[in-house]
Amino acid sequence: MSGTRRTATNVLLHTALENFYGAAEEMRLDENLIAVLGNSERRLEVSVPTEMDDGSIKVFKGYRVQHSSAIGPSKGGIRYHPDVDVDECEALAMLMTWKCSLAGIPYGGGKGGISCDPLTMSMKEKERMSRTFAARIAPIIGTWRDVPAPDVNTGGQEMVWFMDTISKMHAQVEPGIFTGKPISYWGAKGRTAATGYGVATCGLELLKVLGKEPASARVAIQGFGNVGSYTALVMSEAGAKIVAISDVTGVYYSAKGIDIKKAFEHIEKHPKKLLEGFAGADKVDYDIVTADCDLFFPCALEGAVNEKNADKLKAKWIVEGANAPVTPEADKILDKNGVIVVPDFLANSGGVIGSYFEWAQDLSGYFWTEDEYNQRLMHIMKGNFKLVWDYSQGKKIKMRRAAFMAAIQRVADVTKLRGNFL
Ligand code: NAD
């Protein structure tokens, strides 16, 4: 039985494999399917020679891993960071397979990146590196093959360089190969707020199934960047009382509730978009994880809730906006304390669903209004929340395990249907 199991020294890949094997065993998934889905279809390494501004050539290493294309084209970001390696890409690609499957969108999972330090590079150096990378992974990416997106240290600018390079290679415009593009160049209205909208929708749906009114919930949100700020906005517009927000500058608390529009106005004026000096709440010096609230949204860092602070958490419910904000050790403590956790790859899937909307619009060449985008996003997020909630209630298991099992089941079913000639 364990002959089909892989082991990995890379911590992220080890965790991804263990999570998969654990859920697969609980589902009693066929051993042959466990063997197939425990491996990636493709792990590509490319060299990326780049002319630096001083005229020297630096050769970076780049990667693209396609874990699965059973359901559709692989989908996942491209990261620029010194720690990027092929195992990290594989772990993240595998998570993308489950995230896209659970989201019910027609994609498999992929991930890529370049091992580099973009913060020390000029724009011109980054452009030359990005264009060479795009050309080198070109044989395996495509609108119907593998559709990359932004990730850590990449954004709209990199997507434009990638798309422009591939479009020139193909001598035609290729908008459907990359998502996360600027609105002015084949991007989609609504994408900026999509992840936070989805996270907040999960929070509101959770309150609904628990029979609570949003106005009765005191909410704390860690991180006031892209995900945290829009989560806060949507929750406050729904009537919830936001008692604590935080960013890298500290924790801001008000028992009366914080005016989130004012917090937005504040960060707009701040050169680095931070809460430093925000007058709409008291700056406090404790960990926001321990804030007095009912519903906590960790939307900043991985490992924010860990074995050191999990026992001190006052919230009864957590909705994970960030990726992996609760460690496996903390998860066990929360479970023992009866805390309900809505897992990351359900809660923050608004981002990848938004990418799917961009791709769909690019394929048809017809663009939706922001309102249409948000309505469709809400509809999908609510359906996915219900699917996982009902599955977890029916099987009496945690939402995280239920989400994994539902996600793996869809990929396993299609893999079985199509056979192994993939
Ligand atoms: P961001 O860079 O826009 O914001 C991060 C926020 O966290 C900032 O407000 C920053 O000040 C704050 N922060 C950093 N260190 C902190 C600390 N020690 N304590 C408190 N706050 C701290 O990033 P983002 O796009 O909002 O992403 C946040 C998380 O959500 C990441 O884990 C990311 O991988 C995940 N995520 C993002 C998206 C997306 O579409 N942006 C989609 C899925 C998952």
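Just so you know, ligand 1 is whichever comes first in the structure, and atom 1 is the first atom listed for that ligand. What you see is a predicted model, and the numbers here were worked out from it, not measured in a lab.
- Checked by atom type, the side-chain pair S236/K241 shows no donor-acceptor distance below 3.5 Å.
- Contacts with ligand 1 closer than 4.0 Å are made by side-chain heavy atoms of R191 only, the backbone lying farther away.
- For Y197 and T231, the side-chain atoms include no donor-acceptor pair closer than 3.5 Å.
- Protein heavy atom at the shortest distance from atom 43 (C) of ligand 1 is N348 CG, 3.7 Å.
- In the model, E307 has no side-chain atom that pairs as donor or acceptor with a side-chain atom of T327 under 3.5 Å.
- Considering backbone and side-chain N/O atoms, G225 comes within less than 3.5 Å of an N/O atom of ligand 1.
- Under 3.5 Å, the side chains of T249 and D247 contain a donor-acceptor pair of N or O atoms.
- Polar contact check, V248 against ligand 1: a nitrogen or oxygen pair lies under 3.5 Å apart.
- Under the 4.0 Å distance rule, the nearest protein heavy atom to atom 2 (O) of ligand 1 falls outside the cut-off.
- Any N or O atom pair closer than 3.5 Å counts here, and T195 shares at least one such pair with ligand 1.
- For the residue pair Q66/D146, the side-chain donor-acceptor check at 3.5 Å is satisfied.
- Numbered from 1 in the order shown, with element, the atoms of ligand 1 that lie under 4.0 Å from a heavy atom of F224 read 9 (O).
- For ligand 1, the atoms closer than 4.0 angstrom to any heavy atom of G321 are 30 (O).
- Using a 3.5 Å distance cut-off with no hydrogens or angles, the side chains of E174 and S167 do not pair a donor with an acceptor.
- For atom 20 (C) of ligand 1, the closest heavy atom belonging to the protein is D247 O, 3.5 Å.
- Within the 4.0 Å cut-off (strictly below), no protein heavy atom is located near atom 23 (O) of ligand 1.
- Using a 4.5 Å cut-off on side-chain heavy atoms (C-beta onward), W186 and W359 make no contact.
- At a heavy-atom distance under 4.0 Å, only backbone atoms of C299 (N, CA, C or O) approach ligand 1.
- There is a side-chain donor-acceptor pair under 3.5 Å between T179 and S355.
- Evaluated by nearest non-hydrogen atom to atom 38 (C) of ligand 1, the leading choice among N226, N323, D287, V227 is V227.
- Heavy atoms of L301 found under 4.0 angstrom from ligand 1 belong exclusively to the side chain.
- Proximity of S74 to H67: side-chain heavy atoms (C-beta onward) are nowhere separated by under 4.5 Å.
- In terms of protein heavy-atom proximity, atom 31 (C) of ligand 1 is closest to A300 O, 3.7 Å.
- Between R136 and S47, the side chains place a donor N or O and an acceptor N or O closer than 3.5 Å (distance only, hydrogens not considered).
- For atom 30 (O) of ligand 1, the closest non-hydrogen atom on the protein side is A322 CA, 3.4 Å.
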